[in-house]
Amino acid sequence: MDERSKADRTDPRPDLPGAVRVRFAPSPTGYLHIGGARTALFNWLFAARNGGRFILRIEDTDFSRKVEDSTRQITSTMRWLGLQWDEGPATGGPVGPYFQSERLDLYRRAADELKAKGAAYECYCTPEELTQRREEARRLGQAPRYDGRCRRLTDDDRRRLAAEGRRPVLRLKTPTEGQTVVEDLIRGTVVFDNTILDDFVLMKSDGGPTYNFACVVDDHGMRMTHVIRADEHLSNTPKQIIIYRAFGWDVPAFAHVPMILAPDRSKLSKRHGATSVEEFQEAGYLPEAIVNYLVFLGWSPEGGEEVLSADELRRRFSLDRVSKNAAIYDINKLTWMNGHYIRTIDLDRLTDLALPFLARAGLVGDPVDPATRGFIKAILAALRDRVKTLGELPDATVYFFRDDYGFDPKGVQKHLTSPDAAGLLDTARAELAGLARFDLESCEAAYRGLIERLGIKGGALIHPTRVAITGRTNGPGLFDVMTLLGRERTLGRMERAAAVIRAGGPWPEPVALETPVVPGVDASRRV
RNA sequence: GGCCCCAUGGUCAAGUGGCCUAAGACACCGCCCUUUCACGGCGGUAACUCGGGUUCGAAUCCCGAUGGGGUCACCA
């Protein structure tokens with residue numbers, strides 16, 4: 001039993017701010033994985049809830065080439081989500097550097113310390129030899145473990161082997177009996193038999209640390225009080241605890257959060273479609289929706305609420321309400337939640353968020369002039385509860401920006417083919433033309449009056465008009481659309497439609513827009 | 001395969017021995033609202049993996065089986 005891994009342990013470094021210190025330690029793979037984002041979120045929330053600090057550390061010991069770009073990508077996405085770190089890249093902090101690639105001397109010194117203590121030793125076995133022995137063990141049905149033969153090397157042996165040109169690795173002398181116990185804040189007590197461990201590698205022959213070693217040296221060096229990470233690391237934990245013990249260091253508290261799985265219950269990977277938050281960002285999901293959705297994947301509040309703001313979350317998050325079972329992420333629910341945020345956030349903010357999507361589709365300039373911005377804001381007010389992602393905006397709004405919008409064949413068929421449709425449009429157009437003011441109330445009053453006089457159903461006039469001026473059968477209320485378009489464009493479109501009806505077609509095809517599509521996202525939503 | 005974790009509806013989940021003839025949300029179906037599509041409202045279909053225990057009583061505790069997942073590198 002390790003008493004030191006209890007949650008209520010004291011701060012090992014009172015001189016550092018925050019009693020609680022947690023970290024998110026991604027490797028720079030080029031994007032922020034959805035699972036990583038949730039791990040980061042849980043850490044961030046835990047720190048906030050406990051008045052602690054959230055540290056970002058980049059685990060780039062094996063990603064020499066594109067570290068900078070990847071880091072930029074990850075940090076910018078984290079900022080976009082609102083997960084600001086207290087210490088880390090760009091912000092710095094008292095226990096940096098926050099890139100593992102810049103901490104090599106720290107690992108080397110730590111390695112020397114273990115070697116001096118006799119807790120670790122050099123091993124000159126080559127990868128080829130090890131692979132060979134592993135295969136042989138497998139063939140004999142034995143566990144492929146390193147046999148510890150280099151533990152017994154003499155100084156002469158080492159000189160000789162080095163003279164052969166062999167570069168050694170550093171291995172830890174692991175206990176051959178007993179048990180290592182992980183007191184996990186989420187899983188409870190987890191016991192591992194030490195016999196399953198072999199003398200694993202701490203430092204590679206190129207002088208770099210292995211993951212487990214770097215992780216321990218850094219978590220200790222950065223004074224982490226809690227290590228909150230994905231479940232897949234649970235089986236690494238006994239190794240890490242043994243490293244802490246070899247140094248004589250305090251062990252932090254561990255909390256292994258359940259994994260996020262793909263719909264087929266396997267580990268989330270690229271073949272499942274969208275796996276990075278950047279992809280969702282591009283498809284028009286809002287950060288608050290992603291955060292809200294992600295936190296509910298594995299955590300639930302005491303009340304039955306489903307929608308909580310980040311501030312609320314920061315006040316209420318707790319590790320003891322994190323569930324133990326892996327969760328499958330459901331794009332449907334995320335999309336629903338996104339729709340919820342689209343229709344409830346501040347309209348000006350929604351407008352700002354929408355702008356880039358419209359610009360990318362070529363519907364508006366970038367930047368937009370104030371008048372256009374106002375126009376877009378008004379459109380959004382009428383349209384916001386009809387879209388679930390920002391990515392749908394270009395298609396849903398084309399006809400406000402262009403006159404070459406296409407006509408839905410079914411809509412035309414249904415509402416613009418009857419012989420008197422053209423006449424009806426003409427009559428209505430004349431009515432609208434005579435209006436003193438072209439506002440929502442006047443338009444509606446005019447139409448209601450006309451409908452009454454003609455003795456027809458509202459839809460008989462409203463539907464044809466809608467298809468004529470928008471090309472489609474759905475959208476905001478007709479009078480909203482009319483006033484948004486203005487008198488001139490409304491009347492012009494009605495006149496043009498009447499002409500096409502009389503000519504018997506043809507009706508323009510829908511224009512092609514560049515709409516960002518996330519693989520796997522759109523497909524599964526279109527049910 | 002060894003080791004470890006997990007197991008309530010299609011999905012996320014509440015539930016910590018009696019309040020469970022098991023909440024809520026998404027999705028789905030129906031109805032209502034309505035000029036369309038949405039939004040919203042109302043209602044419905046749908047679950048405690050199985051087998052043993054413990055107990056007066058088990059979704060809740062224990063054991064086993066089954067299933068799913070993770071992990072077993074000089075990757076992180």
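Nothing here was measured: the structure is a model prediction, and the numbers come from that model. Lettering of chains follows the sequences in order, A, B, ..., and the numbering in each one begins at 1.
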**Request:** Indicate yes or no: at least one non-hydrogen side-chain atom of A:Tyr121 is less than 4.5 angstrom from one of A:Asp199.
**Result:** yes
**Asked** In terms of the angle between their ring planes, are A:Phe254 and A:His256 parallel, tilted or perpendicular, with boundaries placed at 30° and 60°?
**Response** parallel
Roughly, in whole Å, what's the span from [atom1] in [X] to [atom2] in [N]?
X: A:Leu268; N: B:G68; atom1: CG; atom2: P; answer: 19 Å
X: A:Met337; N: B:A13; atom1: CE; atom2: C1'; answer: 12 Å
X: A:Glu306; N: B:A14; atom1: CD; atom2: P; answer: 11 Å
X: A:Ile331; N: B:C26; atom1: CD1; atom2: P; answer: 16 Å
X: A:Lys324; N: B:A14; atom1: NZ; atom2: P; answer: 12 Å
X: A:Trp299; N: B:A25; atom1: CH2; atom2: C1'; answer: 14 Å
X: A:Asp330; N: B:C26; atom1: CG; atom2: P; answer: 11 Å
X: A:Arg316; N: B:A14; atom1: CZ; atom2: C1'; answer: 14 Å

**Request:** Could you name each residue pair satisfying salt bridge (Lys or Arg N to Asp or Glu O under 4.0 Å) that touches residues 448-471 of chain A, not counting sequence neighbours?
**Result:** A:Glu431-A:Arg453, A:Glu444-A:Arg448
**Request:** Sort and list the pairs that fulfil salt bridge (Lys or Arg N to Asp or Glu O under 4.0 Å) and have at least one residue in residues 97-107 of chain A, not counting sequence neighbours.
**Result:** A:Arg103-A:Asp218, A:Asp105-A:Arg109
Using the [atom1] atoms only, state how far [M] lies from [N], rounded to an integer number of Å.
N: B:U8; M: B:G68; atom1: P; answer: 15 Å
N: B:A46; M: B:C62; atom1: P; answer: 31 Å
N: B:G43; M: B:C33; atom1: C1'; answer: 15 Å
N: B:G9; M: B:U45; atom1: C1'; answer: 10 Å
N: B:C37; M: B:G10; atom1: P; answer: 31 Å
N: B:G64; M: B:A7; atom1: P; answer: 16 Å
N: B:C6; M: B:A59; atom1: C1'; answer: 16 Å
N: B:G15; M: B:A58; atom1: C1'; answer: 13 Å

**Asked** With a 6.0 Å cut-off on ring centres, are A:Phe42 and A:Trp299 close enough?
**Response** no
**Request:** Return yes when atom CZ of A:Arg167 has more than 12 non-hydrogen atoms of other residues, nucleotides or ligands closer than 6.0 Å, and no otherwise.
**Result:** no
**Complete:** Between A:Ala119 and A:Leu172, the two heavy atoms sitting closest are O-CD1, 3.5 Å
**Message:** Checking the side chain of A:Glu392 only, and the main-chain atoms of A:Thr389 only, is there a donor and an acceptor separated by less than 3.5 Å?
**Reply:** yes
**Prompt:** Can you check whether A:Lys333 has a side-chain N or O nearer than 4.0 Å to OP1 or OP2 of B:U11?
**Reply:** no
**Prompt:** Any side-chain N or O of A:Ser300 under 4.0 Å from OP1/OP2 of B:A13?
**Reply:** no
**Message:** What's A:Val307 touching, base or sugar-phosphate or nothing? Going by heavy atoms closer than 4.0 Å.
**Reply:** nothing
**Request:** Give one of base, sugar-phosphate or nothing for A:Ala143, where a contact means two heavy atoms less than 4.0 Å apart.
**Result:** nothing
**Message:** On RNA chain B, compare the nucleotides closest to A:Pro258 and A:Val190; which residue's is nearer the 5' end?
**Reply:** A:Val190
**Asked** In which stems does RNA chain B show up, taking only runs of three or more Watson-Crick or G-U wobble pairs whose two distances fall under 3.5 Å?
**Response** B:1-7 with B:66-72, B:10-12 with B:24-26, B:28-32 with B:40-44, B:49-53 with B:61-65
**ring-ring contact (aromatic ring centres under 6.0 Å, His included): pairs with one or both residues in residues 445-467 of chain A, sequence neighbours excluded** = A:His415-A:His463, A:Tyr447-A:Phe479
**Prompt:** Is it true that the NZ or CZ of A:Arg171 lies under 6.0 Å from the centre of A:Tyr146's six-membered ring and within 45 degrees of the ring axis?
**Reply:** yes
**Ring-face cation contact, A:Tyr293 with A:Lys333, 6.0 Å cut, 45° max** = no
**Message:** Check this for me: does any side-chain nitrogen of one of A:Asp147 and A:Arg149 sit under 4.0 Å from a carboxylate oxygen of the other?
**Reply:** yes
**Prompt:** Is any NZ, NE, NH1 or NH2 atom of the basic residue among A:Glu302 and A:Arg316 found under 4.0 Å from an Asp or Glu carboxylate oxygen of the other?
**Reply:** no
**Fill in**
Each nucleotide of nucleotides 69-76 of chain B classed B (base within 4.0 Å of a protein heavy atom), S (only sugar-phosphate) or -, in 5' to 3' order, makes SSS--BSB
**Complete:** Each nucleotide of nucleotides 31-50 of chain B classed B (base within 4.0 Å of a protein heavy atom), S (only sugar-phosphate) or -, in 5' to 3' order, makes ----BBBBSS----------
